[in-house]
Protein chains: 2
Amino acid sequence: MSDAERLDGILAMLRERGGRLTTARRAIITALVGSRSHVTADELSATVRAAHPDVHLTTIYRCLDTLEEIGVVDHVHLGHGRAVYHLNDEIHQHLVCERCQAVVEVPDSLFDDLAARVKGRYGFTIRPHHFAVLGRCAACQ
Amino acid sequence: MSDAERLDGILAMLRERGGRLTTARRAIITALVGSRSHVTADELSATVRAAHPDVHLTTIYRCLDTLEEIGVVDHVHLGHGRAVYHLNDEIHQHLVCERCQAVVEVPDSLFDDLAARVKGRYGFTIRPHHFAVLGRCAACQ
DNA sequence: ATCTTTGCAAACTTTTTGCACCAAT
DNA sequence: ATTGGTGCAAAAAGTTTGCAAAGAT
């Protein structure tokens with residue numbers, strides 16, 4: 001799936017929801033699709049501003065909220081303070097190095113065992129995608 | 001180990017490190033030891049203020065920082081925004097319900113398998129205590 | 001006497017909100 | 001013509017910092 005197709009798909013979902021296809025949204029979603037990884041609202045804002053200097057950070061947040069409601073985007077708290085946003089097309093878990101901040105993405109399936117055990121013993125259903133797991137990456141041991 | 005012993009132990013560690021035993025610190029650590037679970041800086045401040053109305057929230061933060069440097073306290077980001085602090089004597093992982101905010105503590109050992117696999121495949125060492133795992137508790141399914 | 005710790009006020013960072021205007025349908 | 005989206009400014013929430021005064025050693 002190309003970036004253009006991805007963009008169109010998201011725009012279509014927005015329209016279905018009764019949303020409007022504004023310049024700002026197009027720019028934000030384009031930037032999000034283009035930046036292939038995890039971005040903070042701030043970073044996204046910088047990218048968007050390159051082409052559309054008038055798009056306000058507030059609008060970024062509101063757009064990301066909307067996309068999250070639709071289920072297209074998810075956000076994760078990687079560290080102290082800021083959150084990062086990413087497209088939701090492949091679900092993965094984040095390992096974040098406490099030292100160098102590197103983000104390692106690992107398949108969700110690694111957590112299946114843990115999830116099953118926690119479910120069995122505590123009745124708790126893990127939804128792991130929302131928070132990062134911290135530690136030390138290979139390079140920083 | 002009684003609360004009083006625990007308090008004394010922590011005060012001793014502080015002293016060893018060249019720290020001073022102030023009224024504020026005594027009050028904060030007492031409150032921390034007394035409140036048997038996870039507290040936000042704010043909650044801790046409220047408890048401390050009951051007996052010592054003059055201890056400022058800033059001081060709470062600075063004291064918690066110091067205790068964290070010593071290794072006595074750890075803090076965890078349970079949700080969006082505030083962090084919770086807890087004594088470091090039994091290491092456990094936090095499961096937090098996204099709906100009712102309940103905190104379920106589970107033994108660290110549940111994560112051993114996951115940690116081993118992540119270590120093997122990605123060279124990443126998980127230090128899981130720092131962040132919460134989100135999901136739905138038994139009552140909120 | 002020294003040097004850490006404290007209180008206070010103010011800054012800071014990230015995110016949210018109120019409101020009048022604009023623009024997509 | 002609607003009504004949802006946007007920009008702006010300002011508030012909120014949580015935490016940190018600078019500095020002079022207080023307090024522990």
Side-chain angles (χ1 to χ4, degrees), chain A residues 10-31 38-46 48-49 51-70 73-85 101 130-132, chain B residues 10-31 38-46 48-49 51-70 73-85 101 130-132:
Chain A
I10 297 173
L11 293 178
M13 288 192 220
L14 258 179
R15 200 163 11 203
E16 268 166 42
R17 278 290 178 108
R20 293 179 183 180
L21 305 191
T22 64
T23 320
R25 284 186 168 171
R26 246 180 266 266
I28 294 166
I29 299 168
T30 302
H38 306 76
V39 275
T40 63
D42 228 42
E43 290 164 351
L44 201 52
S45 176
V48 168
R49 274 205 165 104
H52 301 264
D54 45 321
V55 173
H56 203 274
L57 181 57
T58 304
T59 305
I60 308 269
Y61 277 111
R62 285 196 272 226
C63 181
L64 286 169
D65 274 3
T66 306
L67 293 176
E68 213 159 341
E69 276 164 31
I70 297 182
V73 159
D74 214 347
H75 80 278
V76 185
H77 300 266
L78 295 186
H80 301 223
R82 62 194 137 288
V84 287
Y85 296 78
Q101 311 296 320
H130 196 60
F131 268 71
Chain B
I10 297 174
L11 293 178
M13 288 193 220
L14 259 179
R15 200 166 9 203
E16 265 167 44
R17 206 201 163 240
R20 293 178 183 182
L21 305 191
T22 64
T23 319
R25 283 186 171 170
R26 246 181 266 269
I28 293 167
I29 300 169
T30 302
H38 306 74
V39 276
T40 63
D42 230 41
E43 289 163 353
L44 201 53
S45 176
V48 169
R49 274 204 165 107
H52 301 263
D54 43 321
V55 173
H56 202 274
L57 180 58
T58 304
T59 304
I60 307 268
Y61 276 112
R62 284 195 274 224
C63 180
L64 286 169
D65 273 3
T66 306
L67 294 176
E68 213 160 340
E69 276 164 30
I70 298 182
V73 158
D74 214 347
H75 79 277
V76 185
H77 300 266
L78 294 186
H80 301 224
R82 62 194 136 288
V84 288
Y85 297 78
Q101 312 296 319
H130 196 61
F131 267 71

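Within every chain, numbering begins at 1; the chains are lettered A, B, ... in the order of the sequence lines, protein sequences first and strands thereafter.
In this model, the phosphate group of D:dT15 is approached by a side-chain N or O of B:Y61 to a distance below 4.0 Å at OP1 or OP2. One finds no side-chain N or O of A:R20 lying less than 4.0 angstrom from the OP1 or OP2 phosphate oxygen of D:dG4.
At a threshold of 4.0 angstrom between heavy atoms, the contacts of A:L21 are confined to the sugar-phosphate backbone, with no base atom among them. B:R25 comes within 4.0 angstrom of sugar-phosphate atoms only, judged by non-hydrogen atoms across all strands, and of no base. Within the 4.0 angstrom heavy-atom criterion, no nucleotide atom of any strand lies near A:D42. Within 4.0 Å of A:T22, counting heavy atoms only, lie sugar-phosphate atoms of the nucleic acid but no base atom. Note on A:G19: only backbone sugar-phosphate atoms sit closer than 4.0 angstrom, heavy atoms only; bases stay farther off.
In terms of polar N and O atoms assigned as donor or acceptor, the side chain of A:R17 never comes within less than 3.5 Å of the base of D:dG4 in a complementary pairing.
With hydrogens and angles disregarded, no donor-acceptor distance shorter than 3.5 Å links the side chain of B:R25 to the backbone of B:C63.
Rounded to whole angstrom, the span from the CG atom of A:L64 across to the C1' atom of C:dT16 amounts to 14 Å. Whole-Å rounding puts the B:H52 NE2 to D:dG23 P distance at 14 Å. Summarising the geometry, the separation between CG on B:L11 and C1' on D:dA24 is reported as 14 Å, rounded to the nearest angstrom. The NE2-C1' distance, from B:H75 to D:dT16, rounds to 13 Å in whole Å. The CD atom of A:E69 sits 13 Å away from the C1' atom of D:dG4 (whole-angstrom rounding). In this structure, CG of B:D54 is placed 13 Å from C1' of D:dG23, rounded to the nearest angstrom. Distance A:D65 CG to D:dG4 P: 17 Å, rounded to the nearest Å. Atom CD1 in A:I29 sits about 10 Å away from atom P in D:dT6, given to the nearest Å.
Between B:R26 and B:L21, the closest heavy-atom pair is NH2-O, 3.4 Å. Closest non-hydrogen pair, A:E68 versus A:D74, comes out as OE2-OD1, 3.6 Å.
A salt bridge does not link A:E69 to A:R17: none of the charged side-chain nitrogens sits closer than 4.0 Å to a carboxylate oxygen.
For B:R62, the side-chain atoms get nearest to D:dC19 when compared with the rest of D:dA24, D:dC19, D:dT6. Among the nucleotides D:dT6, D:dG7, C:dT15, the one closest to the side chain of A:L57 is C:dT15. Comparing C:dG18, C:dT15, D:dT17 by their nearest atom to the side chain of B:T58 picks out D:dT17.
Closest-nucleotide positions on DNA chain D for B:A41 and A:V55 were compared, and the one nearer the 5' end corresponds to A:V55.
Counting heavy atoms from C-beta on, the side chains of A:D42 and A:R82 never come closer than 4.5 Å.
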